Amino acid sequence: QVVNYAPFTLLPSAVPSALFEQAYAVQQDFNLLVDAISQNKEFLEHTLASTIKVDDFTARLFRIYTQVLDEGLAQSVFLGINRSDYMFDCGVDGTPALKQIEINTIAASFGGLTSRTAVVHGRVLKVLGKSKEASRLLPNNPSKGLALGIVKAWELYGSQSAVVMFLVEEVQRNIFDQRCVENELWDRNIRVIRKRFRDVFEKGSLDDARRLYMDGQEVAVVYYREGYMPKNYDQQNWEARLLLERSRAVKCPDIATQLAGTKKVQQELSRPGTLERLLSGHTDAVARIRATFAGLYSLDMGKEGDKIVAMAIADPDRFVLKPQREGGGNNLYGEELRQVLEKIKDSPERTSYILMDKIKPQPAMNYLLRAHSPLHVSQCISELGIFGVYVRQGKEMVMNTAAGHLLRTKAIEHADGGVAAGVAVLDTPYLV
Ligand code: ADP
Ligand code: MG
């Protein structure tokens with residue numbers, strides 16, 4: 001009664017192969033970009049200045065970030081596991097274009113479960129007598145790709161007896177997704193422990209060299225699958241987070257990289273000249289990244305922000321209003337967007353949001369299979385995610401890869417929400 005299958009589509013969904021390849025081709029660029037931002041204090045400070053005045057959660061993360069920098073970083077190996085999400089925007093002439101929804105730099109999930117979905121969909125196609133189509137489904141194994149990043153970071157940390165710690169939620173509904181990654185580590189003779197913030201608060205400690213110990217075991221890598229939303233934290237959990245960040249252990253991600261994934265940063269990246277400054281000398285990478293951007297707008301106080309607010313109120317269906325939150329179900333659309341903007345348009349509270357052009361994909365029919373839900377055909381849209389994995393030692397990038405993909409599909413009546421939010425389901429791309 002407590003274990004359900006992860007929801008999935010009955011059939012794989014069509015994905016334009018050119019856009020699929022484009023998403024893979026830009027992933028290493030995004031890895032470089034996120035990593036560059038995480039090392040750019042001036043950029044983070046300047047970009048988040050208005051946000052941290054009004055958004056307490058971002059402000060608290062930012063305080064830990066500056067505190068750790070002031071003390072001096074003990075960490076010298078950096079591991080990023082991110083997922084860049086896209087939808088296929090249908091232009092006026094019907095040609096689809098790849099547009100980024102966001103990049104997740106902390107706790108990007110479903111790399112494990114999605115390593116199995118192609119097999120499920122291959123079987124379904126065979127049952128339907130479509131063996132040729134089944135053989136065209138691409139193999140996909142992000143759990144291995146993610147694990148290889150963790151392995152690399154563990155090796156560079158350089159202590160044979162140290163463990164990898166998965167930092168997990170109090171109640172972990174998505175444990176099997178995490179186990180897929182964990183199993184890859186045990187297969188390579190790396191010990192894994194699963195702990196909560198509360199355990200770290202009670203049993204975590206640092207030695208003089210700021211090595212992290214849990215129950216007397218040295219921890220080489222902390223892989224966060226938690227800690228990205230306000231409800232993950234009480235006062236003790238904040239203290240545990242600070243302890244982890246101060247430590248020498250490789251955090252995936254460190255707090256700077258988490259901040260690099262905020263929606264405010266995403267919006268600032270779209271300003272002309274910003275990418276060029278952050279990735280100077282990488283002209284092609286800048287062009288590839290920019291091609292995936294949808295329109296993004298700042299609501300900071302001032303004339304520019306006033307104009308944007310008026311534009312959104314006049315035509316709310318063209319936009320999405322996003323607060324600095326992760327995990328799905330936080331964005332505002334349509335009439336609700338208009339009402340909220342009307343209410344906060346003259347208050348600095350508006351700077352805790354960003355505005356984004358709404359992406360409008362072409363819907364397709366599919367069946368969404370969910371435990372205890374009736375089966376019926378729905379009009380659906382899909383979101384493609386590419387997993388990025390990179391490792392940096394000091395100033396040197398020693399690994400930079402695209403580690404696999406995730407396709408999630410939902411019925412069009414849901415504007416927001418992912419798989420964990422109970423809206424989207426796991427899918428497999430069928431390239432066309
Ligand atoms: P979160 O951090 O909560 O996952 P996202 O930015 O990914 O926030 O938005 C959540 C969901 O809302 C997405 O998975 C997508 O379905 C929908 N969404 C977000 N931005 C847009 C957009 N610009 N156009 C259309 N749908 C969007
Ligand atoms: Mg998202």
Side-chain angles (χ1 to χ4, degrees), residues 7 9 13 23 30 34 51 55 57-58 61 81-91 96-111 114 174 224-232 253 258-267 269-270 292-297 299 308 312 315-334 336-337 352-363 368 378-388 405-427:
T9 56
S13 292
F30 271 117
V34 170
T51 309
D55 188 86
F57 181 63
T58 313
L61 293 172
I81 293 181
N82 63 52
R83 201 189 66 224
S84 182
D85 290 336
Y86 307 90
M87 281 184 175
F88 313 117
D89 194 29
C90 204
L98 186 76
K99 290 296 163 198
Q100 188 183 50
I101 296 293
E102 65 157 348
I103 187 158
N104 303 281
T105 60
I106 179 166
S109 59
F110 293 107
T114 201
N174 207 11
Y224 289 105
R225 292 297 295 258
E226 140 92 323
Y228 53 88
M229 46 168 117
K231 76 164 198 241
N232 298 151
Q258 179 174 359
L259 289 170
T262 51
K263 297 193 166 60
K264 183 62 191 174
V265 165
Q266 178 186 11
Q267 171 262 302
L269 291 176
S270 75
T292 69
F293 283 175
L296 288 147
Y297 314 91
L299 300 179
I308 302 298
D315 199 357
D317 286 330
R318 252 187 67 202
F319 303 100
V320 182
L321 185 64
K322 300 190 174 190
Q324 307 303 310
R325 290 291 168 271
E326 305 294 328
N330 302 301
N331 301 335
L332 301 169
Y333 303 82
E336 204 185 350
L337 175 158
S352 64
Y353 293 88
I354 63 154
L355 190 75
M356 183 174 182
D357 281 346
K358 189 163 164 187
I359 312 300
K360 300 191 168 142
Q362 179 69 47
L368 307 180
S378 308
Q379 292 256 35
C380 299
I381 54 175
S382 301
E383 187 167 342
L384 174 69
I386 308 291
F387 289 96
H405 56 269
L406 166 71
L407 192 70
R408 292 171 299 166
T409 293
K410 65 179 184 182
I412 50 169
E413 50 273 23
H414 297 286
D416 208 303
V419 180
V423 170
V425 309
L426 302 173
D427 198 350

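Keep in mind the model is a prediction, meaning the values are calculated, not measured. Start at 1 and go down the list; that is how both ligands and their atoms are numbered.
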Work out whether the distance between some heavy atom of [X] and some atom of ligand 1 is less than 4.0 Å.
| X | value |
| --- | --- |
| Asp357 | yes |
| Lys360 | no |
| Gly328 | yes |
| Tyr228 | no |
| Asn331 | yes |
| Lys99 | no |

Per the salt bridge (Lys or Arg N to Asp or Glu O under 4.0 Å) rule, which among Lys263, Lys264, Arg325 passes with Asp55?
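Only one option passes, and that is Arg325.
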
Report yes if some N/O of [X] lies less than 3.5 Å from some N/O of ligand 1; otherwise report no.
| X | answer |
| --- | --- |
| Asp85 | no |
| Glu102 | yes |
| Arg408 | no |
| Ile359 | yes |

Enumerate the atoms of ligand 1 whose separation from the nearest heavy atom of [X] is less than 4.0 angstrom.
| X | answer |
| --- | --- |
| Met356 | 23 (N) |
| Gly327 | 1 (P), 2 (O), 3 (O) |
| Val320 | 21 (C), 22 (C), 23 (N), 24 (N) |
| Met87 | 15 (C), 16 (O) |
| Lys410 | 15 (C), 16 (O) |
| Arg325 | 2 (O) |

Distance alone, cut at 3.5 Å: any donor-acceptor contact between the side chains of Ser13 and Asp427?
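Indeed, the side chains of Ser13 and Asp427 share at least one donor-acceptor pair under 3.5 Å.
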
To which protein heavy atom is [atom] closest, and what is the distance rounded to 0.1 Å?
| atom | answer |
| --- | --- |
| atom 14 (O) of ligand 1 | Glu383 OE1, 2.6 Å |
| atom 6 (O) of ligand 1 | Lys322 NZ, 2.6 Å |
| atom 21 (C) of ligand 1 | Ile101 CD1, 3.6 Å |
| atom 2 (O) of ligand 1 | Lys263 NZ, 2.7 Å |
| atom 10 (C) of ligand 1 | Asp416 OD1, 3.2 Å |

Proximal heteroatom of Glu102 relative to the Mg ion (ligand 2) (N/O/S):
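Of all N, O or S atoms in Glu102, the Mg ion (ligand 2) lies closest to OE2.
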
Side chain to side chain contact (heavy atoms under 4.5 Å, CB included) partner of Gln266, the single match among Ile101, Ile103, Leu296
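With Gln266 as partner, Ile101, Ile103, Leu296 yield a single side chain to side chain contact (heavy atoms under 4.5 Å, CB included), made by Leu296.
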
